[in-house]
Number of protein chains: 2
Amino acid sequence: MKRTYTCGLDAAIAVMGGKWKGLILFSLGEGPLRFGELRRAVAGISERVLILQLREMENSGLVHREVHQQVPPKVEYSLTEFGRSLNAAMAPLGEWGEDNLQRIEAIP
Amino acid sequence: MKRTYTCGLDAAIAVMGGKWKGLILFSLGEGPLRFGELRRAVAGISERVLILQLREMENSGLVHREVHQQVPPKVEYSLTEFGRSLNAAMAPLGEWGEDNLQRIEAIP
DNA sequence: CAGTATCCAATGCGATACTG
DNA sequence: CAGTATCGCATTGGATACTG
């Protein structure tokens, strides 16, 4: 991050930056997911980008990464308390998008 | 836009894309602003980028652009009804950012 | 399964200068 | 005042192949 924000919205957007973090947050909202499950949940994302986004979100304290030592490997991602609070704050935005899907998709 | 969204949040984020649209929306929330006023309100943005973002938001139906024929030129930007509805949906996110400013700024 | 490693393309963004 | 025109770098994202 390393910047100063002019308002809360500014800061929130910086944390949510990029095309995918919102979706990842949303997908983890229901409960923990393994890497592969998450990749399927966030349709269209590449492995590389998913990892990058997850690492950033871990770094921001939004996501917790838990490694279960076993074969085959199992890694679970979940929201932290902080992540859940952001998730809740995003809910109205999600509803807005839901309500206006038609209109948004019609934008040239 | 020209894509299909997997959920409302996805769609909303597509509309809000980029680093500045949230701030512009927020700045116009209080009422109409002229180009120059807006440029000062959204501190740090370049003229070029501000125009680009405004055009996109006009195109999305979020912002209305009104030209007053006079010398010197006067152009006012305001939120449409659609823009105001999005603004309202973003409010909780703005509050979240406000409440967590310290923490967000501390992210490495 | 859960990642890394490369490489490449797109585009976002910033700075600056100029104009009706 | 309200834009346009250029230029160029930095970041982001995508495709694919490989590994512990």
Side-chain angles (χ1 to χ4, degrees), chain A residues 1-6 10-11 13-25 27-28 32-60 62-78 107-108, chain B residues 1-6 10 13-25 27-28 32-60 63-78 107-108:
Chain A
M1 298 293 144
K2 296 287 185 202
R3 26 177 307 219
T4 310
Y5 303 100
T6 56
D10 194 9
I13 287 174
V15 177
M16 292 302 306
K19 187 168 148 191
W20 300 108
K21 295 210 183 79
L23 250 72
I24 294 173
L25 203 76
S27 300
L28 290 177
L33 289 177
R34 301 178 58 165
F35 181 79
E37 294 171 330
L38 200 45
R39 190 175 34 158
R40 281 185 292 277
V42 184
I45 196 170
S46 72
E47 296 189 348
R48 185 183 105 95
V49 174
L50 179 54
I51 287 288
L52 289 175
Q53 305 291 300
L54 282 171
R55 292 287 131 89
E56 283 179 37
M57 294 172 77
E58 242 187 290
N59 191 256
S60 307
L62 296 169
V63 163
H64 173 69
R65 176 172 178 270
E66 179 113 25
V67 181
H68 300 265
Q69 279 300 356
Q70 61 185 61
V71 181
K74 173 174 175 179
V75 178
E76 275 195 330
Y77 292 91
S78 56
I107 295 172
Chain B
M1 297 290 143
K2 298 284 184 203
R3 27 176 308 216
T4 310
Y5 302 101
T6 55
D10 194 9
I13 287 175
V15 176
M16 292 302 306
K19 187 169 149 190
W20 300 108
K21 295 209 183 80
L23 251 74
I24 296 173
L25 202 78
S27 300
L28 290 177
L33 290 176
R34 302 178 56 166
F35 181 79
E37 295 171 329
L38 199 46
R39 188 175 36 157
R40 281 185 293 277
V42 184
I45 195 170
S46 72
E47 296 189 349
R48 184 183 108 94
V49 174
L50 178 54
I51 287 287
L52 289 176
Q53 304 291 300
L54 282 171
R55 292 287 131 90
E56 282 179 38
M57 294 172 77
E58 243 187 290
N59 190 256
S60 307
V63 162
H64 174 67
R65 175 173 179 270
E66 179 113 27
V67 181
H68 300 265
Q69 278 299 354
Q70 60 184 63
V71 181
K74 173 174 175 180
V75 178
E76 276 196 329
Y77 292 90
S78 57
I107 296 173

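Remember, it's a predicted structure, so these values are computed and weren't measured experimentally.
Looking at heavy atoms from C-beta onward, A:L25 lies in side-chain contact with A:M57 at the 4.5 angstrom threshold. Using a 4.5 Å heavy-atom cutoff, the side chains of A:F35 and A:L50 are in contact. The closest side-chain heavy-atom distance from B:R65 to B:V75 is below 4.5 Å.
Between the CG atom of B:L52 and the C1' atom of D:dA2 there is a distance of 14 Å, rounded to whole Å. Rounded to an integer number of Å, the gap from B:Q70 CD to C:dG20 C1' is 15 Å. To the nearest angstrom, C1' of D:dA2 lies 9 Å from CZ of B:R55. The interatomic distance linking A:I45 (CD1) with C:dA2 (P) rounds to 15 Å, in whole Å. When the P atom of C:dA2 is taken as reference, atom CD1 of A:I51 falls 10 Å away, rounded to whole Å. One can place NZ of B:K74 at 9 Å from P of D:dA2, the figure rounded to the nearest angstrom. Between A:R39 atom CZ and C:dT4 atom C1' the separation is 14 Å, expressed in whole Å. Note: CD1 (A:I24) to P (D:dT12) measures 14 Å, nearest angstrom.
In terms of phosphate contacts, B:R65 brings a side-chain nitrogen or oxygen within less than 4.0 Å of OP1 or OP2 of D:dG3. For A:Y77 and C:dC1, the shortest distance from a side-chain N or O to OP1 or OP2 is not below 4.0 Å. Residue B:K19 places no side-chain N or O under 4.0 Å from the OP1 or OP2 atom of D:dT11.
Comparing C:dG3, C:dC13, D:dT4 against the side chain of B:V49 picks out C:dC13 as the nearest. Side-chain proximity of A:Q53 to the nucleotides C:dC13, D:dG13, C:dG3 is greatest for D:dG13. Listed nucleotides: C:dG14, C:dC1, D:dG14. Nearest to the side chain of A:P72: C:dC1. Listed nucleotides C:dC13, D:dG14, D:dA2 differ in distance to B:P73; the shortest reach to its side chain belongs to D:dA2. Closest to the side chain of A:F35, from the set D:dG13, C:dA2, C:dC13, is C:dA2.
Counting non-hydrogen atoms under 4.0 angstrom, A:E37 reaches nothing in the nucleic acid. B:R34 comes within 4.0 angstrom of the backbone, heavy atoms only, and of no base.
When all heavy atoms of B:S27 and B:L33 are compared, the closest pair comes out as O-CD1, 3.7 Å. Minimum heavy-atom separation, B:W20 to B:A43: CZ3-O, 3.9 Å.
Base pairing of C:dG20: its partner is D:dC1, meeting the Watson-Crick or G-U wobble criterion (both donor-acceptor distances under 3.5 Å).
The base of C:dG3 is not paired with the side chain of A:R48 by any donor and acceptor separated by under 3.5 Å.
Across the interface with DNA chain D, nearest-nucleotide mapping of A:W20 and B:E76 shows B:E76 to be the residue nearer the 5′ end.
A salt bridge does not link A:E37 with A:R40: every distance from a Lys NZ or Arg NE/NH1/NH2 to an Asp or Glu carboxylate oxygen is 4.0 Å or more.
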